[in-house]
Every structure is written in structure tokens, then in C-alpha cells.
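These notes concern the structure reproduced below.
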Number of protein chains: 2
Amino acid sequence: MSDAALHHAAAPDAAMEPKTLVEGAYRRLRRNIVEGVHPPGEKLRVEHLKEQYDVGAGTLREALQLLVTDALVVAQGQRGFRVAPISLKDFEDITRTRVLIETEALRQSIALGDDDWEGRVLAAFHRLSRAEERLDDEASAREDWEERNRVFHEVLISACPSRWIQHFQQILYRQSERYRRLSLFRNPIPRDVHAEHQLLCDATVARDSDAACKVLTEHILRTLDAVRHMPTEFLNAAENGSKVRPA
Amino acid sequence: MSDAALHHAAAPDAAMEPKTLVEGAYRRLRRNIVEGVHPPGEKLRVEHLKEQYDVGAGTLREALQLLVTDALVVAQGQRGFRVAPISLKDFEDITRTRVLIETEALRQSIALGDDDWEGRVLAAFHRLSRAEERLDDEASAREDWEERNRVFHEVLISACPSRWIQHFQQILYRQSERYRRLSLFRNPIPRDVHAEHQLLCDATVARDSDAACKVLTEHILRTLDAVRHMPTEFLNAAENGSKVRPA
DNA sequence: AAATATAAAAATCTCGAGAAAAAGTATTGA
DNA sequence: TCAATACTTTTTCTCGAGATTTTTATATTT
């Protein structure tokens, strides 16, 4: 019963059906923010969004409050809600913290994972590889790849017994995904991720913690460069989706 | 502007006045849960709590949703809210994750802190020491000590530039405080914390990262023993504040 | 007596309307 | 032309009431 504290309505990503309208709106909103449908800094007016998401005003407010603690939405005093702004500094922070959390998780996972876990790692890698092959052909492959990439990273650390580390990993992954989607908006496939995933998968199954963490660290840090070399308009334009008053 | 994402309605602890009824109810609820006024597992019925906190049902629900993502409250499908249950396993997880986060934060703080930060560390330590002296005499000293202990730990890592690490530290500290309050319910002053704080303060100001982190790790881990040696009734009784149906 | 089924009660979830605050617009005066 | 003020519109915040669902209590059957 110990992990029940983290298996709350906010955590479950896939699988489970939303049991309430609040939870449903929360997930759709979260997805749309991560995918950039609601760009950073955009004002989230309840009156407009209630039609778009087909729920009442109160329900929508509850969903927004859930996103506030996830740091995907900011609530400003009595001036409504807004999609959390982005900045290079913030992404550097997210990335470095992610390295700290995710390498520790991987280390524990490698130390404690059983054969079944190894199998799941290989399976997730295989599914990801297949999606990578299809990336150039089909248009819908991008969504598949995003999903399978997330699952691959989650499965890697799934043998880590710490619910809290997994919780934080999910939050940070979602945050960084928001930045990656922006940087990938133009450049379709940025770099040779397949080779990195291959190395990561091999080292993990070989139970070589140091090597696996080294690869994972470089893998995560490389996305930082992608955002660094992103045209500055993205970051600046995104900071004020609506007017931001001078305070 | 990067840290705006974490300076949302959920983060600010002291200082700022609550700008909305939701935020006010959120803070009072959080405090009462951490302090054990609402014991772990207790059913949080909106109809009853709206009178106690003097707000409408919708407002209270929004405050509860904020606590959900903080993992202090769990929302169960369509069966209302409940104070997050506790368990020894969960506390072990919290403690170990806290060591990971807080030592990294301290390391960065020592590496980057300026003279002003050193001064704040010494000041916080002094205030804490004074409160410790008064612990046996006055009855209200307990609350003072709790507050100053929290501030001391926060100031220690305040020079860490990562907003995310500080955010996670706050969440975990709050969680562990919940357990400590329970274990301190009977035994008034458990151990010689003053000497530990002294060592921690000295090593930090001396810029000895390894020594400071070592002391901090032992300091945090020691609270684990306090809970381990807690009468089991606490943990079990707390798990079902109201009836927990067998699923 | 135990177990199932039915009915009553309580609580949750949801929506819409009214008060308070903020933002925007027009007017007035220098 | 610009700044300040007053007014209007929009938006947020809050509360109370109705529809579902869960829970409890009662009655019936094996």
C-alpha cells in the first residue's frame, strides 16, 4: 500500500481509463500543452476552454489546478491561468536534474532488475527501433516514435523500486518533451538517436551500470544542444503568448 | 523568467499572502495534513470540510486537487478524496530519495554560494540553536523548532541554482516531516540533533563538500531509525483512518 | 445463520449563475 | 499629442443546486 500515494489520479499515463471528467480534461490538457497545441505563455481562459474541452467551468478549473502542481501551468493571483513559460535556463535545469534522477534510477534498475525486466527492455527497444525505421515514410510515425521513446525510457528504469524517483522522472520527462517537440518542429530527425539507444540497451542488458549511465547522460545532454541551437525566436516568442504586463 | 514555472501558486510557503480562497484553503489543508490533524488514510469529505475551512464545495475541491499532485492526498476514481496513507516502505523511499536530492543540492550550494549565503547559513543555524535551547521549557517551542529546522535545511541549499532540485526537496521534506511528527508524538526530543547540525554547519561554511554531504546523509538517515522503532500501531492504525474496503 | 438482492441514504461529481476583480476603451483636460 | 480619469466589457472567482454513483441499511432467500 506504500506506493498508493503516488498512484493517484495524476500519475497514470496510459492504460487506465479516466474515471472522472476532471481527470479526462486533465490528461487532454496535459497532452496538448506538452505537444505545443497550447504554446508556452498562452493565456488559458476558462470560458473559452470549457467549450473546447466540453466540460463545465468548475471542472476545468480543477483540471488546471492539477497541472499547476505539475508545473505545466502557472496560476497568477487573481489573473487566471497560463501555460508555463519556457526558457533556455529552465531547460538546462530540467536536463541536469533529469540526468541526476534518471542515472540513479537506471543504476538501481540494473542492480535489481530480473530476467523479466531484461525482456521488457529488449522488447521496448525493438518497438522503438521499428518506429524509427518508419519515421521517414509515414506521417503519423512521429507520434508513434514519441510514445515508444517514452516507454523505452520508462521501462529502462522500471526495475528501480523507488516510486518517488519514478514520479520525478515522469514529471521531468514530460517537461523536456515539451522542449524537444519545439526543437523538432522543423528539423525532422535531429541526430543519430538509434545508435545511442542501441548502446544504452546493450550496456543495460550487459548489467554494466557505469557504461549505461555514461551513455544515458550523454544521450540526455545531447538534447540540450538541440535546443541551444534552436532559433531564438522560438524561446522568446513563446515567452509571451499573450501580453505579459511589465509588473 | 525561467523559474517562474516553479513559482506557482503551489510553491510559496511563507511570506506571501494567499491571493485566493483556493490557495488559502490549500495551505491550511496542507499544514493540517503534515501536522497530522488529518491523519493518514482519513477520508476527506467535501461536505464536512467546507464548514471547517469555511469555503464552498468547489473551492475546496480545487484545493484538494492541488494536494493530489503533491502526493499528500489521493483521489480515488469516483469515491472522493483521502489523506495519502503512510508506510515504512514509503518512508524509506522518501528518505533515500531525499538523500539523493539534498546532497546534490548541498554540493552545488557549497560550490556556488557567496559570502552572503554563508551568512544566512550561520544565521539560520543560530536561530535553530536558540529554539533548541527553549525546547524543554516552553510548550510552544516545538512549533518554532519545526519551522526553524525547515528554514535551516532550505537555507543550506539555497545557493543551489536549480529550481527543480529545490522544488523536489520541498516536496520530500514535507513528506518526511509528516512521518517525523508522528514519531515525535511521544518521544519529545529524540536524539542529539544539535551536534549534527553543528557539524553540518561547520563543514558547510568550511566548504568541505564531502564532509558536509556525509553528515547530511547520516542526519537524514537517522530519522529513518526513529520511524523504524516507532510502535507499529502508528503505521497500521494510520493506514485506515476510515474503513478501507478489501477491493 | 450466511448470503444475496433490494431499497434508502449519503457523498461525489458536475453544471450554471452571481459577485469581485482585471483589462480594455473612450472621454476629458492639459 | 499625450496623460490621466471614468466607464464598459471581459474574465476570474465563488457559491449553491441537481444528477450519478457509491455506500449503508434492510429485507428476503437458501
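The shown structure was predicted, so the numbers you read here are calculated from the model rather than taken from an experiment. As a basis for the values below, the full set of heavy atoms in this structure was taken, side chains included, without hydrogen atoms, waters or symmetry mates. Chain letters run A, B, ... following the sequence lines, proteins first and then strands; every chain starts at 1.
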Should B:Lys43 be listed as having a side-chain N or O under 4.0 Å from OP1 or OP2 of C:dT12? yes
Does B:Gly80 reach a base, just sugar-phosphate, or nothing at all? Heavy atoms under 4.0 Å. sugar-phosphate
Output yes when at least one side-chain N/O atom of B:Arg61 is less than 4.0 Å from OP1 or OP2 of C:dC13, else no. yes
Taking OP1 and OP2 of C:dA22, is either one under 4.0 Å from a side-chain nitrogen or oxygen of A:Arg79? no
From NZ of A:Lys50 across to C1' of D:dT10 the rounded distance in Å is 14 Å
Rounded to whole Å, the NZ-P distance (A:Lys19 to D:dT22) equals 10 Å
Selection from D:dT23, C:dC13, D:dT14 that lies nearest to any side-chain heavy atom of B:Gln78: C:dC13
Apply the test side chain to side chain donor-acceptor pair (under 3.5 Å) to residues A:Gln65 and B:Glu62: give CA-CA distance (whole Å), side-chain angles for both, the deciding distance (0.1 Å), then the verdict. CA-CA 6 Å; A:Gln65 296 287 12; B:Glu62 287 187 39; 3.0 Å; yes
Atom OH of A:Tyr26 and atom C1' of C:dT14: how far apart are they, to the nearest Å? 20 Å
Checking all strands, does A:Glu47 fall into the base, sugar-phosphate, or nothing category for heavy-atom contacts under 4.0 angstrom? base
Without decimals, in angstroms, what is the distance between A:Glu23 CD and C:dC13 P? 11 Å
I'd like to know if the side chain of A:Gln166 pairs up with that of A:Gln170 as donor and acceptor (distance under 3.5 Å, no hydrogens or angles considered). no
Selected nucleotide, minimal atom distance to B:Leu21 side chain, candidates C:dT14, C:dA23, D:dC15: D:dC15
Using whole Å, what does the distance between atom P of nucleotide D:dC13 and atom CG of A:Leu64 come to? 10 Å
Separation of B:Leu60 atom CG from C:dT14 atom P, in whole Å? 16 Å
Base, sugar-phosphate or nothing for B:Leu44? Non-hydrogen atoms, less than 4.0 Å. sugar-phosphate
If the cut-off is 4.0 Å, is A:Thr20 near the phosphate of C:dT12, judged by side-chain N/O to OP1 or OP2? no
What is the ring orientation for B:Phe168 with A:Phe168, classed by angle as parallel under 30°, tilted 30 to 60°, or perpendicular over 60°? parallel
The single option from A:Leu60, A:Val34, A:Val73 passing side-chain contact (heavy atoms from CB on, under 4.5 Å) against A:Leu29: A:Leu60
Counting heavy atoms from C-beta on, name the nucleotide in C:dC15, C:dT12, D:dT14 closest to the side chain of A:Val55. C:dC15
Over how many whole Å does the gap from A:Arg45 atom CZ to C:dG24 atom C1' extend? 12 Å
Any side-chain N or O of A:His48 below 4.0 angstrom from OP1/OP2 of D:dT11? yes
Is there a donor-acceptor contact under 3.5 Å from the side chain of B:Ser162 to the main chain of A:Asp93? no
Rounded off to whole Å, could you give me the CG-to-C1' distance for the A:Leu49 and D:dT12 pair? 14 Å
Closest of C:dC13, C:dT14, D:dT14 to the B:Glu62 side chain is D:dT14
